[in-house]
Amino acid sequence: MERLKRRQDFVAAARANYAAMPGMVVQMRARGDAAPPRVGFTATKKLGNAVLRNRVKRRLREIARLRLEALARPGHDYVLIGRAPTAERAFPDLAHDLNSALKRLHRSTHLPADKGTS
């Protein structure tokens with residue numbers, strides 16, 4: 001799966017729909033094309049030092065590698081954001097969080113709320 005690397009892609013995903021779960025926040029943006037899905041990962045400095053943030057991102061990358069390939073839709077961008085419990089949460093629970101978030105995001109048809117980021 002292709003990775004998101006440019007800031008503008010992350011900002012565009014932040015303006016789109018999201019689902020907050022106990023282990024992570026998942027943002028999803030429909031790009032409106034038929035290209036393969038892309039994924040990005042973030043962990044803010046509020047989580048802790050670089051070691052902890054890297055551990056969180058490694059766990060998110062692994063869960064995305066295992067689960068997101070089958071669940072992602074073409075033409076969509078996904079951003080997985082680490083939360084404080086991500087580093088310690090059991091791996092099956094993280095997988096359940098990702099599945100639940102994607103189900104919620106894919107069935108929502110309403111427009112995203114304006115978060116004042118224009």
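For clarity, every value in this text was computed on a predicted model and none was experimentally measured.
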Heavy-atom closest pair (D97 atom, G23 atom, distance to 0.1 Å) is OD2-N, 2.9 Å
Restricting to salt bridge (charged side-chain N to carboxylate O under 4.0 Å, His left out), what partner residues turn up for E62, sequence neighbours left out? R65
Between M24 and I81, is the side-chain contact (heavy atoms from CB on, under 4.5 Å) condition met? List the steps. CA-CA 6 Å; M24 70 183 78; I81 302 172; over 6 Å; no
side-chain hydrogen bond (donor to acceptor under 3.5 Å, both in side chains) against R38, all qualifying residues, sequence neighbours excluded: D77
How far apart are the C-alpha atoms of K5 and D9, what are their side-chain angles, what is the distance that settles it, and do they pass the side-chain contact (heavy atoms from CB on, under 4.5 Å) test? CA-CA 7 Å; K5 294 182 182 175; D9 292 331; over 6 Å; no
Between CD of Q27 and CG of L4, what distance do you get to the nearest 0.5 Å? 10.0 Å
Under the 3.5 angstrom rule, does the side chain of R59 hit a backbone N or O of T86 as a donor-acceptor pair? yes
For L98 and V26: C-alpha separation, side-chain torsions, deciding distance, then whether side-chain contact (heavy atoms from CB on, under 4.5 Å) applies. CA-CA 8 Å; L98 181 62; V26 180; 4.0 Å; yes
Judged by atom type as modelled, is there a donor-acceptor pair below 3.5 Å linking the side chain of R83 to the main-chain atoms of M21? yes
Under the side-chain hydrogen bond (donor to acceptor under 3.5 Å, both in side chains) test, residues paired with R55 that sit two or more places apart: none
In Å, rounded to the nearest 0.5 Å, how long is the span from CZ of R53 to NZ of K46? 13.0 Å
Short question: side chain of D93, backbone of R89 - any donor-acceptor pair under 3.5 Å? no
Heavy-atom nearest pair, A84 first then L47, reads N-CD2, 3.3 Å
In Å and rounded to the nearest 0.5 Å, what is the NZ to CZ distance from K57 to F41? 10.5 Å
What distance separates L94 CG from E88 CD, expressed to the nearest 0.5 Å? 10.5 Å
Can you list the steps and then say if T42 with L60 is a side-chain contact (heavy atoms from CB on, under 4.5 Å)? CA-CA 9 Å; T42 63; L60 292 176; over 6 Å; no
Test side-chain contact (heavy atoms from CB on, under 4.5 Å) applied to R73 - qualifying residues, sequence neighbours left out: H76, Y78, H106
Indicate the atoms forming the closest heavy-atom contact of V56 with A43, along with that distance. CG1-CB, 4.2 Å
Would you please name every residue forming a side-chain hydrogen bond (donor to acceptor under 3.5 Å, both in side chains) with N49, sequence neighbours left out? none
For A20 against R104, the heavy-atom pair lying closest together: O-NH1, 3.9 Å
List in chain and number order the residues that pass salt bridge (charged side-chain N to carboxylate O under 4.0 Å, His left out) with R7, two or more places apart in sequence or in another chain; answer none if no residue qualifies. none
Point-to-point distance, once rounded to the nearest 0.5 Å, from CG of L66 to CG of L71: 11.0 Å
